[in-house]
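Below is one structure, written out as structure tokens, with a few remarks after it.
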Amino acid sequence: MKRKNNIHLVIGFFLIFLTATVGKITAQEQKVNVKEIVFEHLGDAYEWHITNWGEKSIAIPLPVIVKSKERGWHVFSSSHISHGATHEGFHIAHEGKYAGKVVERNSAGEEIRPSIDISFTKNALGIFISSCLLLLIILPVARWYKRGAQHAPKGFRGAVELLIVYVLDEIIKPCVGEEYRKYATYLLTIFFFIFINNLMGLIPFFPGGANITGNIAVTLFLAFCTFLVITFSGTKAYWKEILWPEVPTWLKAPVPIMPVIELFGIFTKPFALMIRLFANIMAGHSVILGLVCLIFITVSMGATINTSMSIVAVLFSIFMNFLELLVAFIQAYVFTLLSSVFINMARVKHGS
Amino acid sequence: MPLLVPDTGLLFWMALSFGVVLFVLVKFGFPVITKAVETRSAYIADSLEAAREAESQLATINRQAEAIIAEAQNERKTILSEAQEAKNTIVSKAKEDAEAEARRRINKALEDIEGSKKKALAELRKDVAGISVKIAEKIIGERLKDDQKQQELINKLLAEEFAH
């Protein structure tokens, strides 16, 4: 009991010391701009900023690949244009329509976006790392099975198999129905891709921390893939239900009200998938960031409030991280589940 | 809201990365695992079925063995009782035979004795007659004076006769 008390005391002192030092550092700077911090994290970036060491910023430079409207292709390191520098006529806009993006000045002197910007950004690197990790997890397991193991796997392989079998048995088989075999690989890939990116997003430092599944481009692409799968596996009965549904004729004959609604439904389904995943993950990141920022905001309110708020913020952050761990799984689960259900709806047979 | 505008550059990298991941996993990843898992579960189901079948077969065999044992025991009992019967029959028959034989021999012995007796008596009669005739001849031939002498003579003669 005494020992436990000592530990509490040590932790308490540590927290006070920590907040005191943090307060000292931040107090020297200007007022904390929470919005900027949160949006900077949620958005994409041309370099992967890791931390500040004193005055020096430590970041991983990434390639900027742009095609200028007038001067053709340019490839250079993002370190050339960090901190507002201009390189080969390109710089990062600070405000306006293109804030945070690489822009150039055209002959008229206006700030414009290059015609093509396929820079290998922070999120692109994050996706790349997660993809490699996913392949490194799945392929060795697959190779182990290929060698013809008859017995059940143990350890890490067992865990991977457990997850795969869970997704297969609990989501894909019951939702897709008889033809699940054709779609199982795609759905499993979707599940694991989203799950690993969600988890990587929860790690607060490199190589995690990029807000990948909370980025609309990523969820857009995933939803688009599901859209393609649904559309290309639609049966005749599925298309008939959309273009000529069984409703009173006046609802579809002169003015095709129902077909228009149904056609709209084709796009709303994947759209819902896109928004759901994006919003959930982005919201989770925002809340945790907001809680962490609370520590820095309260610095100006004196040591007592700052310390107590820091403890509260840390406890809430821990709680939120646990919640986000759950959300990471649930969102991957839901995306896979809804994709399965939509595929099943597209594979509808005659008369049913 | 810049967060709600999908960035084309990131879309490009996302498409590339996801495309490669999907291709590799379709080619070398999940189908191998799902197939192996399904093969294994089928194998397990088959093994369970086989085990159940073997168990039922074993039960049948056990029942058969028990029936065979019971039958054998019955047969043993029958054989034993039959043997007992046979033994009893043999013993009693042997006893009967022995008794009959003994009776036959005794009867034969008695018959022999009877025969011998008859023969002996017949011979005796014949002898006595002969002897009586001889004695009578002697008595008559020798002329005896007193009864004493007569008696002695008769005894002497009889003794002589019987001494033969």
Side-chain angles (χ1 to χ4, degrees), chain A residues 39 42-44 65-66 97-101 116-121 123-125 127-128 130-132 134-135 138-139 141-146 148-152 160-161 164-165 168 181 184-190 192-193 212 214-222 224-225 274 278 282, chain B residues 1-70:
Chain A
F39 271 78
L42 290 181
D44 208 350
I65 308 163
V66 286
K97 216 163 77 178
Y98 306 126
K101 300 279 184 202
I116 297 173
D117 178 4
I118 50 165
S119 304
F120 196 73
T121 57
N123 279 348
L125 179 60
I127 293 168
F128 183 73
S130 304
S131 301
C132 290
L134 182 57
L135 293 183
I138 301 296
L139 290 182
V141 176
R143 202 168 57 236
W144 183 78
Y145 278 105
K146 208 163 196 174
Q150 271 289 336
H151 55 92
V160 173
E161 191 204 291
I164 291 172
V165 171
L168 200 64
R181 245 170 256 272
T185 309
Y186 168 71
L187 292 167
L188 278 167
T189 309
I190 280 278
F192 277 92
F193 191 84
I212 297 166
N215 187 299
I216 196 122
V218 173
T219 60
L220 172 74
F221 185 75
L222 292 172
F224 179 67
C225 287
M274 172 181 88
F278 159 73
M282 194 201 67
Chain B
M1 276 291 272
L3 283 179
L4 282 173
V5 181
D7 187 70
T8 42
L10 185 59
L11 211 54
F12 168 75
W13 291 111
M14 170 66 191
L16 193 69
S17 303
F18 187 73
V20 169
V21 168
L22 187 63
F23 175 77
V24 172
L25 288 184
V26 165
K27 201 94 178 145
F28 312 105
F30 289 123
V32 178
I33 298 173
T34 49
K35 208 175 142 224
V37 168
E38 260 167 30
T39 313
R40 198 177 64 214
S41 56
Y43 171 75
I44 290 168
D46 284 354
S47 302
L48 280 176
E49 188 55 41
R52 228 184 331 263
E53 220 163 83
E55 209 173 322
S56 76
Q57 272 179 358
L58 194 67
T60 320
I61 287 167
N62 269 343
R63 261 201 308 282
Q64 281 175 348
E66 268 166 27
I68 287 168
I69 288 169

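Below, chains carry the letters A, B, ... as their sequence lines are ordered, and counting in each starts from 1.
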(message) Quick check on the structure: residues of residues 58-66 of chain B within a heavy-atom distance below 4.5 Å of chain A, by number.
(response) none
(request) Scan side-chain atoms only and decide if A:D117 and A:S119 contain a donor-acceptor pair under the 3.5 Å cut-off. (result) yes
(request) Give, for atom CD1 of A:I118 and atom CG of B:L11, the distance between the pair rounded to the nearest 0.5 Å. (result) 12.0 Å
(request) Among A:T121, A:V160, A:V66, A:L135, single out the residue with the greatest number of heavy-atom pairs under 4.5 Å to chain B. (result) A:L135
(request) Measure A:L220 against the heavy atoms of chain B and call it side chain, backbone, both or neither at under 4.5 Å. (result) side chain
(request) Pick one of side chain, backbone, both or neither for A:I65, based on which atoms fall under 4.5 Å of a heavy atom in chain B. (result) side chain
(request) Flag the one option from B:G29, B:A15, B:S41 with the top tally of heavy-atom pairs under 4.5 Å to chain A. (result) B:A15
(request) Please examine the side chains of B:D7 and A:K101, heavy atoms only from C-beta on, and report whether any two atoms are closer than 4.5 Å. (result) yes
(request) Answer with side chain, backbone, both or neither: which region of A:F278 has an atom nearer than 4.5 Å to a non-hydrogen atom of chain B? (result) side chain
(message) Taking side chain as everything from C-beta outward and backbone as N, CA, C, O, which of these in A:I138 sits under 4.5 Å from a heavy atom of chain B? Side chain, backbone, both or neither.
(response) both
(message) Go through it in stages, so that I can follow the logic: the residues are A:I164 and A:F192, the test is side-chain contact (heavy atoms from CB on, under 4.5 Å), and I'd like the CA-CA distance, side-chain angles, deciding distance and then a yes or no.
(response) CA-CA 9 Å; A:I164 291 172; A:F192 277 92; 3.6 Å; yes
(request) With a 4.5 angstrom heavy-atom cut-off, could you sort out which part of A:A184 is near chain B: side chain, backbone, both or neither? (result) neither
(message) Quick check on A:R143 against chain B: is it the side chain, the backbone, both or neither that has a heavy atom closer than 4.5 Å?
(response) neither
(message) What part of A:L42 gets within 4.5 angstrom of chain B, counting heavy atoms only: side chain, backbone, both, or neither?
(response) both
(message) Report which part of A:F120 has an atom under 4.5 Å of a heavy atom belonging to chain B: side chain, backbone, both, or neither.
(response) both
(request) Against chain B, label A:C225 side chain, backbone, both or neither, depending on which of its atoms sit under 4.5 Å from a heavy atom there. (result) side chain
(message) Heavy-atom pairs under 4.5 Å with chain B - which of A:L222, A:L134, A:T219 has more of them than the others?
(response) A:L222
(message) Using heavy-atom distances under 4.5 Å, tell me whether B:F12 contacts chain A through its side chain, its backbone, both, or neither.
(response) side chain
(request) Report yes if the side chains of A:N215 and B:L10 come closer than 4.5 Å at any heavy-atom pair, otherwise no. (result) yes
(message) For the OG1 atom of A:T185 and the NZ atom of B:K27, what is their distance to the nearest 0.5 Å?
(response) 12.0 Å
(request) Answer with side chain, backbone, both or neither: which region of A:V165 has an atom nearer than 4.5 Å to a non-hydrogen atom of chain B? (result) side chain
(message) With rounding to the nearest 0.5 angstrom, report the CZ to CG distance, B:F30 to A:L168.
(response) 10.0 Å
(request) Give me the contact list for residues 17-26 of chain B versus chain A, heavy atoms only, anything under 4.5 Å, ordered by residue number. (result) B:S17, B:F18, B:V21, B:L22, B:V24, B:L25, B:V26
(message) Given A:Y186, which partner from the list A:T189, A:L188, A:I190 fulfils the side chain to side chain contact (heavy atoms under 4.5 Å, CB included) test?
(response) A:I190
(message) Quick check for you: to the nearest 0.5 Å, what is the distance between B:T34 atom OG1 and A:E161 atom CD?
(response) 11.0 Å
(request) Measure distances from A:S131 to the heavy atoms of chain B and classify the residue's part below 4.5 Å as side chain, backbone, both or neither. (result) both
(message) Under 4.5 Å from any heavy atom of chain B, what part of A:D44 do you find: side chain, backbone, both or neither?
(response) side chain
